[in-house]
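Taking it in order: structure first as structure tokens, then the write-up.
Chain naming here is simple, since letters A, B, ... match the order of the sequence lines and numbering starts at 1 in each.
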Number of protein chains: 2
Amino acid sequence: MNDQSSASRGRCDSTAWVGVDPSQDYTRPPPLSRPRIVRAALSLVDEKGLPALTMRALATELEVSPMALYNHVRDKEELVDLMLDLVLGEVDTSATEGDWLTQLRALARSYHQALTAHHELAQAYRGRVRIGPHGLLVIERAIGLLLEGGFSPPEASDAFFALFTYTVGFEQMGYIVRLRGGATHEGGEAGYYPLLPPEQIPAVTTVGPHLDGVHRPGRFDYGLDLLLAGLQAKLAQSGKAAAAPS
Amino acid sequence: MNDQSSASRGRCDSTAWVGVDPSQDYTRPPPLSRPRIVRAALSLVDEKGLPALTMRALATELEVSPMALYNHVRDKEELVDLMLDLVLGEVDTSATEGDWLTQLRALARSYHQALTAHHELAQAYRGRVRIGPHGLLVIERAIGLLLEGGFSPPEASDAFFALFTYTVGFEQMGYIVRLRGGATHEGGEAGYYPLLPPEQIPAVTTVGPHLDGVHRPGRFDYGLDLLLAGLQAKLAQSGKAAAAPS
DNA sequence: ACCTGAACACCGTTCAAGT
DNA sequence: ACCTGAACACCGTTCAAGT
């Protein structure tokens with residue numbers, strides 16, 4: 001497309017501007033394009049959070065008029081869909097080590113990791129989901145592994161949704177904060193302690209600070225393994241267990 | 001508070017306005033109050049969806065100036081927190097039939113039911129969650145049952161989050177819709193069929209329409225039972241199973 | 001085809017003023 | 001203490017106009 005580069009290379013070989021391609025205009029940003037918009041939007045959300053994603057803010061980030069975006073993107077909703085699918089492209093869908101169960105675990109973990117890497121965007125994952133090509137690939141892989149494990153199509157679909165729901169839901173869950181408790185609620189992070197006296201909530205008081213954050217390391221894996229163990233048990237009791245390499 | 005009623009009752013006994021309390025002013029709405037605002041907001045969201053919840057719209061619904069709301073509610077965020085806690089008040093936390101596992105299942109189901117009853121509001125359940133008194137009661141009950149089952153405090157906390165995350169996540173998940181596939185995407189509901197040819201997604205093609213909606217009846221229970229079975233297995237293998245009535 | 005500026009129909013919330 | 005109207009600083013998006 002840009003054939004000035006080869007032409008200018010021949011013309012400038014006597015000068016010593018090593019490493020600088022004079023055909024490139026380093027002052028002007030590259031032209032607007034769908035992928036560039038989506039990438040810029042994603043890094044904006046990663047840095048400043050989902051509420052900061054504004055067509056106007058994104059436009060100034062790209063040094064362009066707000067309305068220029070609408071030449072490449074139908075509306076904000078589509079933009080968010082594209083961002084989600086871009087993130088889903090980071091999921092590793094091609095690992096083939098181990099049997100179907102360990103592959104399924106690896107897939108869910110990779111999915112989880114992609115979401116945590118863009119934790120702010122994960123909040124957009126609500127209501128109506130519009131699957132893109134990358135998302136479809138993840139689904140294909142998950143369903144494929146479940147069928148390989150021996151599940152019938154309807155049950156594979158149920159199992160998929162359980163895993164999917166848990167993984168996405170985990171990311172959306174934030175921290176538990178009291179609602180206008182006794183002390184200041186400015187601090188924000190200020191712990192699990194509640195609005196009721198300890199006598200009325202003995203169990204919560206016993207468990208105490210373990211309740212504090214959702215995103216304790218290993219917490220995702222705990223629930224994931226619960227689900228996978230449940231799946232394995234289902235297969236075993238229905239006697240349809242696939243011949244797993246023992 | 002309104003002691004006009006008893007006074008006027010004595011005054012009007014000769015007239016025949018049966019069933020009509022003349023002390024009541026049926027034309028003017030009852031005075032603004034925190035609970036009334038929250039209830040009105042909830043029914044607005046139930047009817048028209050979360051995006052329709054606007055301080056201005058809520059105010060006109062209550063026949064009041066938008067700014068009147070701010071005398072009872074700090075801001076929109078607090079209003080949503082209050083709405084969520086109101087809904088959590090519908091969860092049955094006092095059923096005592098069966099052992100801890102069946103009680104835990106019943107609790108999760110009741111939680112799920114409360115959320116589905118206000119499906120539109122469930123979308124607000126993201127990011128930072130501010131637990132209110134009703135929410136805290138649900139947590140207390142869940143943790144209590146897990147401790148009763150024999151889990152250690154840290155593990156009870158992990159287990160709780162797995163159940164909590166799954167239940168909330170399930171509600172937020174919408175339908176799978178293709179992202180700007182081949183045909184019209186106006187139809188909306190238009191099925192699972194994807195942007196890739198069937199050869200590239202054999203598993204999805206096999207499972208087919210089973211993938212279509214998340215909220216198929218029984219789908220929530222499937223994942224819930226997976227988690228509960230996993231919990232039971234964990235207890236059994238660590239040999240700490242509580243003496244459940246066999 | 002792509003970009004722009006002005007404008008429209010909204011938001012949540014602050015503020016000064018009323019009672 | 002509670003409510004009001006006007007105003008501020010925003011939104012997403014339409015439209016007519018530019019190149």
Side-chain angles (χ1 to χ4, degrees), chain A residues 1-2 25 27-42 44-45 47-84 120-121 123-124 126-128 130 180 185-186, chain B residues 1-2 25 27-42 44-45 47-84 120-121 123-124 126-128 130 180 185-186:
Chain A
M1 216 170 251
N2 185 8
D25 188 341
T27 66
R28 242 186 302 279
L32 217 49
S33 74
R34 211 168 149 94
R36 202 164 87 85
I37 290 174
V38 176
R39 277 196 303 266
L42 183 56
L44 195 158
V45 168
E47 284 172 30
K48 304 186 185 172
L50 191 57
L53 177 61
T54 284
M55 298 305 270
R56 290 168 136 102
L58 180 57
T60 62
E61 196 81 18
L62 289 162
E63 295 183 80
V64 95
S65 145
M67 292 317 299
L69 303 173
Y70 288 87
N71 287 308
H72 302 88
V73 149
R74 178 195 290 258
D75 53 17
K76 193 181 177 181
E77 194 184 339
E78 189 192 65
L79 174 61
V80 172
D81 288 337
L82 292 169
M83 291 166 72
L84 281 169
E120 291 292 336
L121 181 64
Q123 291 195 355
R126 66 207 159 97
R128 188 160 299 277
R130 285 197 142 76
R180 193 170 302 279
H185 85 308
E186 322 295 320
Chain B
M1 215 168 250
N2 186 6
D25 188 340
T27 66
R28 242 186 302 282
L32 217 48
S33 75
R34 212 168 149 94
R36 203 164 85 85
I37 290 175
V38 176
R39 277 196 304 266
L42 183 57
L44 195 158
V45 168
E47 283 172 30
K48 305 187 184 171
L50 191 58
L53 177 61
T54 284
M55 297 306 270
R56 290 167 136 102
L58 180 58
T60 63
E61 197 80 19
L62 289 162
E63 296 183 81
V64 95
S65 144
M67 292 317 299
L69 304 173
Y70 287 87
N71 287 309
H72 303 87
V73 150
R74 178 196 288 258
D75 52 17
K76 192 182 177 181
E77 195 185 338
E78 189 192 65
L79 174 61
V80 172
D81 288 337
L82 292 169
M83 291 166 73
L84 281 169
E120 290 293 334
L121 181 64
Q123 291 195 355
R126 64 205 159 98
R128 188 159 300 276
R130 285 196 141 78
R180 193 168 302 282
H185 87 306
E186 321 296 319

Given that both pair distances must be under 3.5 Å and the pair must be Watson-Crick or G-U, what runs of three or more consecutive pairs involve DNA chain D?
-> C:4-8 with D:12-16, C:12-16 with D:4-8
Compare side-chain N and O positions of A:His72 against OP1 and OP2 of C:dC3 and report whether any pair is under 4.0 Å apart.
-> yes
Taken to the nearest 0.5 Å, the spacing of A:Leu82 CG from A:Ile37 CD1 works out to 9.5 Å
Side-chain (B:Asp75) to main-chain (B:Glu78) donor-acceptor, under 3.5 angstrom = yes
Is there a donor-acceptor pair closer than 3.5 Å between any side-chain N or O of A:Ser65 and the backbone N or O of A:Met67?
-> yes
Just how far, in rounded Å, is C1' of D:dC11 from CG of A:Leu50?
-> 14 Å
With A:Glu77, which residues qualify under salt bridge (Lys or Arg N to Asp or Glu O under 4.0 Å), at least two apart?
-> A:Arg130
Between P of C:dC2 and CG of A:Asn71, the distance in whole Å = 7 Å
So, B:Arg34 side chain and B:His72 main chain: donor-acceptor pair closer than 3.5 Å or not?
-> yes
Could you run down nucleotides 12-19 of chain C 5' to 3' and tag each one B, S or - for protein heavy-atom contact under 4.0 Å?
-> BBBB----
Distance, rounded to the nearest Å, where A:Glu63 contributes CD and C:dC3 contributes P | 14 Å
State, to 0.1 Å, how close A:Ala124 and A:Val80 come at their nearest heavy-atom pair, and which atoms those are.
-> CB-CG1, 3.6 Å
With the side chain counted from C-beta on, respond yes when B:Leu69 and B:Leu58 share a heavy-atom pair under 4.5 Å apart, and no when they do not.
-> yes
Can you name the residues that form a side-chain contact (heavy atoms from CB on, under 4.5 Å) with A:Pro35, not counting sequence neighbours?
-> A:Ser33, A:Arg39
